[in-house]
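Comments concern the structure below.
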Protein chains: 2
Amino acid sequence: MNLDNSGLHNLIATKLDEVGQMYTQKRRELVDALSQAGPCTLPELLEFSDGIAQSSAYRNLTVLEEMGVVRRLVHHGEYGRWELSEELTGHHHHHLVCNSCDVVIDVELQTHIEHLMDEEFERAAKGSKFAVDRHNIDIVGTCANCQETTQA
Amino acid sequence: MNLDNSGLHNLIATKLDEVGQMYTQKRRELVDALSQAGPCTLPELLEFSDGIAQSSAYRNLTVLEEMGVVRRLVHHGEYGRWELSEELTGHHHHHLVCNSCDVVIDVELQTHIEHLMDEEFERAAKGSKFAVDRHNIDIVGTCANCQETTQA
DNA sequence: TACCATAATGAGAATGATTCTTAATCGTGT
DNA sequence: ACACGATTAAGAATCATTCTCATTATGGTA
């Protein structure tokens, strides 16, 4: 599979360079996997990447998270999940979360709904003097695969 | 503090009785704590409750979760959090999540916004043939306490 | 009230995802 | 080629959560 992630990679390389971090092959592989596959667990990332050690994967993801390159998601499955940061991809999105197999799928909502929600979230937070930063929405249910499986 | 949770307790007692589970004093204490304090971590629950063992707290919460009495939340803090289920309280709500101290505060949104969101979530899920069950919204930012603290 | 069967409790061991430690290796600039 | 700092990987350590099991409490029954 040939990915053209050169734009993405250049962006990240610059970002890491600014703070004296290296954008190594292993780190590129993690980013490639995430850009292909969407939110991934660590075992999934280990499959994609070629022979990276578990501890290195965790460490690199932590570094990349601190740099704002990736974001860690936490749901009910046994593993955490990682995705490219919105800051990097430029796509604000939310998640379909299957409560049968724990898979996570990206979705985008219509802009005018996002605006309405932002306004309402601000209003709702005001009562608690809570300063809103961002919002995460999980649409929970059953993915297409699991619907088929349970019918069989 | 005198709570009148008799209605709540009766409801739960009936629910548990139907499946041959006991609604013990320890379980009542957990429910009382949750009904007072909102989403709680396990250490918080251990403080509220009077001398319940850690392992018993976990086991009881799991049982109560299976009965649909409580729900487990998972965020980025070190501990999971537990709250009374919406099915039980009858209040659909979402969460303000402080990314500084990890506290979780309940909020309710306006009904017409909930309707708009539900429609949009259905629409967004359709593309992935995803069957929507419910939605969770986290409004992430800084709670009032942490805003004060950082100013000092 | 005494007895029995079943469920709940608590102490501690086990589990397992994630983080930490450390020695070896790699990259980059000189 | 050298030296320095960053990265890697293997395995140990951490720690929230789950499991085990012996003890205790509960509810039903006669």
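Lettering follows sequence order; numbering is per chain, from 1.
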In whole angstroms, how far is the [atom2] atom of [N] from the [atom1] atom of [X]?
X: B:D17; N: D:dG27; atom1: CG; atom2: P; result: 10 Å
X: B:R28; N: D:dA25; atom1: CZ; atom2: C1'; result: 15 Å
X: B:K26; N: D:dT24; atom1: NZ; atom2: P; result: 15 Å
X: A:L30; N: D:dT7; atom1: CG; atom2: C1'; result: 13 Å
X: B:Y23; N: C:dA7; atom1: OH; atom2: C1'; result: 17 Å
X: A:Q54; N: D:dA12; atom1: CD; atom2: P; result: 14 Å
X: B:L16; N: C:dT6; atom1: CG; atom2: C1'; result: 16 Å
X: B:L45; N: D:dA16; atom1: CG; atom2: P; result: 15 Å

I'd like to know if B:T24 reaches the base of C:dA8 with its side chain such that a donor and an acceptor end up less than 3.5 angstrom apart.
no
Roughly how far apart are B:S35 OG and B:E83 CD, rounded to 0.5 Å?
12.5 Å
Rounded distance [0.5 Å steps], CD in B:Q36 versus CG in B:L84:
11.0 Å
Applying side-chain contact (heavy atoms from CB on, under 4.5 Å) between B:S49 and each of B:N60, B:L30, B:D32, report the one that passes.
B:L30
Applying side chain to side chain donor-acceptor pair (under 3.5 Å) to A:D106 and A:H91, what does each step give before you reach the verdict?
CA-CA 10 Å; A:D106 289 351; A:H91 291 295; over 6 Å; no
Nucleotide by nucleotide, 5' to 3', does protein get under 4.0 Å of the base (B), only the sugar-phosphate (S), or neither (-) in nucleotides 24-30 of chain C, counting heavy atoms?
---S---
Using a strict threshold of under 4.0 Å (side-chain N to carboxylate O), is an ion pair present between A:K26 and A:E29?
no
Quick test of your reading of the model: are A:E87 and A:R71 salt-bridged, counting only N-O distances below 4.0 Å?
no
Within the 4.0 Å heavy-atom criterion, would you say A:Q21 contacts the bases, only the backbone, or no part of the nucleic acid?
sugar-phosphate
Taking atom types as modelled, find out whether A:H94 and A:E108 have a side-chain donor-acceptor pair closer than 3.5 angstrom.
no
More 5' along DNA chain D: A:Q25 or B:L42, using each one's nearest nucleotide?
A:Q25
For B:R27 and B:S55, find the nucleotide of DNA chain C closest to each by heavy atoms; which residue's nucleotide sits nearer the 5' end?
B:R27
Parallel under 30°, tilted from 30 to 60°, perpendicular over 60°: which one fits the rings of A:H92 and A:H135?
perpendicular
Contacts to DNA chain D from residues 56-80 of chain B, heavy-atom cutoff under 4.0 Å, which residues?
B:Y58, B:R72, B:E78, B:Y79, B:G80
For A:I137, what are the other residues in its hydrophobic cluster, where any two members join if their side-chain heavy atoms are less than 4.5 angstrom apart?
A:L96, A:V103, A:I105, A:V107, A:L109, A:I113, A:M117, A:F121, A:F130, A:V132, A:I139, B:L96, B:V103, B:I105, B:V107, B:L109, B:I113, B:M117, B:F121, B:F130, B:V132, B:I137, B:I139
